[in-house]
Amino acid sequence: METVARASSPRGELVLRRRDDGHLELRANGVFVMDTLEHTSERALADHALELADCDSLRVLVGGLGLGFTLGAVLADPRVVRCTVAEIEPDLVGWLRDGTVPHGPALLADSRVDVQIGDVADVLRAAATAYDVVLLDVDNGPGYLVHDTNAALYAEPALVTAQAALAPGGSLVIWSAARASELEHALREVFGNAEEQSYDVPGHGRVGQYFVYTARR
């Protein structure tokens, strides 16, 4: 396996590798985040969220840039007029901008994209506009954190912040690699509603079940 790029930050090491099959793999703080082989779940997250939106002009916030697949699915919807991406790792943004991730430059060159370097909770707290959709794809869900401090993103105070950043009728959509009953409960406490939807997603020689949690303001 070839190391394509490596960076260090206060949160640990970020590594982009090219596997023997030619696909790129991203690891953060030693945790597998995603690869370019299987990105069904990233696209499903965006598609599910956008299906819920019933207005003609959408403002979307994506928490976590990753390798750009969620962002790409958001931009494929012609109703999206603005997509803010909150990404805490500046080096990852740089790898997409400079072509280290080959499909990255075209994504970030889209005039609708606004990349903000920082914690998604801070970006939501400072939001100057109301979002129709907020997508959180920061970890592998609350049970498989990339960084332990991210646990706060799935607790009630952060969910209240996300709710405040939504326009009336807007949706918060969160991806998880496993069923997250505590998250569903917290969403119900804050929003008064929550929906769990499961997906069978093939990847790495097996079929895995993933979950999307949705709450509407």
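When reading the values below, keep in mind they use all heavy atoms of this one structure, side chains included, and skip hydrogens, waters and symmetry mates. A quick note: this is a predicted structure, and the numbers were derived from the prediction, not measured.
Taking the side chain as every heavy atom from C-beta outward, Leu92 and Leu14 approach each other to under 4.5 Å. Taking 4.5 Å as the limit, some side-chain heavy atom of Glu189 sits within range of a side-chain heavy atom of Glu156. Taking 4.5 Å as the limit, every side-chain heavy atom of Val133 sits out of range of all side-chain heavy atoms of Leu61. A 4.5 Å side-chain heavy-atom check between Val134 and Ser171 finds every atom pair outside the cut-off. Using a 4.5 Å heavy-atom threshold, the side chains of Leu153 and Val138 count as touching. Counting heavy atoms from C-beta outward, Val62 and Cys83 have side chains that approach closer than 4.5 Å. The side-chain heavy atoms of Leu108 and Val93, taken from C-beta on, include a pair separated by under 4.5 Å. Within the 4.5 Å cutoff, side-chain heavy atoms of Val81 are placed close to those of Arg59.
Hydrophobic clustering (side-chain heavy atoms under 4.5 Å, transitive across Ile, Leu, Val, Met, Phe, Trp, Tyr) keeps Leu96 apart from Ile88. By the criterion of side-chain heavy atoms lying less than 4.5 angstrom apart, applied directly or through intervening Ile, Leu, Val, Met, Phe, Trp or Tyr residues, Leu183 is not grouped with Tyr199; the two fall into different hydrophobic clusters. Neither Val60 nor Leu136 shares a network with the other; the hydrophobic side chains, linked directly or stepwise wherever heavy atoms of I, L, V, M, F, W or Y lie under 4.5 Å apart, form separate groups for each. Hydrophobic clustering (side-chain heavy atoms under 4.5 Å, transitive across Ile, Leu, Val, Met, Phe, Trp, Tyr) keeps Leu145 apart from Met34. Under the 4.5 Å side-chain contact rule for hydrophobic residues, Val173 and Val160 do not share a cluster.
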Check your understanding: Given the rule in the salt bridge (charged side-chain N to carboxylate O under 4.0 Å, His left out) test, do Arg11 and Glu89 qualify, once you have shown the distances and angles that lead to the verdict?
Key -> CA-CA 9 Å; Arg11 290 157 298 281; Glu89 298 292 355; 2.8 Å; yes

Check your understanding: Would Phe69 and His103 satisfy side-chain contact (heavy atoms from CB on, under 4.5 Å), going step by step from the backbone distance to the final call?
Key -> CA-CA 9 Å; Phe69 293 111; His103 59 265; 3.6 Å; yes

Practice item. Please test Asn193 against Glu195 for side-chain hydrogen bond (donor to acceptor under 3.5 Å, both in side chains), starting from the C-alpha separation and ending with a verdict. Key: CA-CA 7 Å; Asn193 65 88; Glu195 174 194 347; over 6 Å; no

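The pair Glu13-Arg6 meets the salt-bridge criterion, since a charged nitrogen lies less than 4.0 angstrom from a carboxylate oxygen.
Taken to the nearest 0.5 Å, the CZ atom of Phe211 stands 14.5 Å off from the CD1 atom of Ile174. Between Thr3 atom OG1 and Glu25 atom CD the span is 10.0 Å, to the nearest 0.5 Å. Taking CG of Leu52 as the start and NE2 of His48 as the end, the distance is 4.5 Å to the nearest 0.5 Å. Here Asp35 contributes atom CG and Leu24 contributes atom CG; the two are 9.0 Å apart, rounded to the nearest 0.5 Å. The distance from atom OG of Ser111 to atom CG of Leu75, rounded to the nearest 0.5 Å, is 9.5 Å. Atom CG of Leu58 is separated from atom CZ of Arg82 by 14.0 Å, given to the nearest 0.5 angstrom.
Side-chain contact, Glu196 with Tyr213: a donor N or O sits under 3.5 Å from an acceptor N or O.
When each of Val15, Leu26, Val101, Leu16 is paired with Val4, the side chain to side chain contact (heavy atoms under 4.5 Å, CB included) condition holds for Leu16 and for no other.
Arg79 places a side-chain N or O within donor-acceptor distance of the main-chain N or O of Ala53, the cut-off being under 3.5 Å. Although no hydrogens or angles enter the test, the distance criterion places no donor-acceptor pair under 3.5 Å between the side chain of Asn29 and the main chain of Val31. The main-chain N or O of Glu2 is never found under 3.5 Å from a side-chain atom of Arg18 such that the two would form a donor-acceptor pair. Checking side-chain atoms of Arg216 against main-chain N and O of Leu172 turns up no donor-acceptor pair under 3.5 Å. Remark: the backbone N or O of Gly169 is not paired with any side-chain donor or acceptor of Arg217 at under 3.5 angstrom. Of the possible polar contacts, one joining the Glu87 side chain to the Leu65 backbone as a donor-acceptor pair under 3.5 Å is found.
Contact between Gln116 and Thr84 at its shortest, heavy atoms only, is NE2-CG2, 3.7 Å. Of all heavy-atom pairs spanning Gly72 and Leu107, the tightest one is CA-CD2, 3.6 Å. Taking every heavy atom of both residues into account, Ser57 and Asp132 meet most closely at O-OD2, 3.5 Å. In this structure, Phe191 and Leu166 approach most closely via the heavy-atom pair CE2-CD1, 3.8 Å. Pro105 and Pro102 get closest at one heavy-atom pair: CD-O, 3.4 Å. The heavy-atom pair separating Ala46 from Leu135 by the smallest distance is CA-CD1, 4.1 Å.
By the 6.0 Å contact criterion, CG on Asp21 is enclosed, its count of non-hydrogen atoms from other residues, nucleotides or ligands being greater than 12. Annotation: Gln197, atom CD; neighbour count of heavy atoms from other residues, nucleotides and ligands within 6.0 Å is above 12. Around NE2 of His23, the count of heavy atoms belonging to other residues, nucleotides or ligands within 6.0 Å exceeds 12.
Aromatic ring orientation, Trp175 versus Tyr210: parallel (interplanar angle below 30°, classes split at 30° and 60°).
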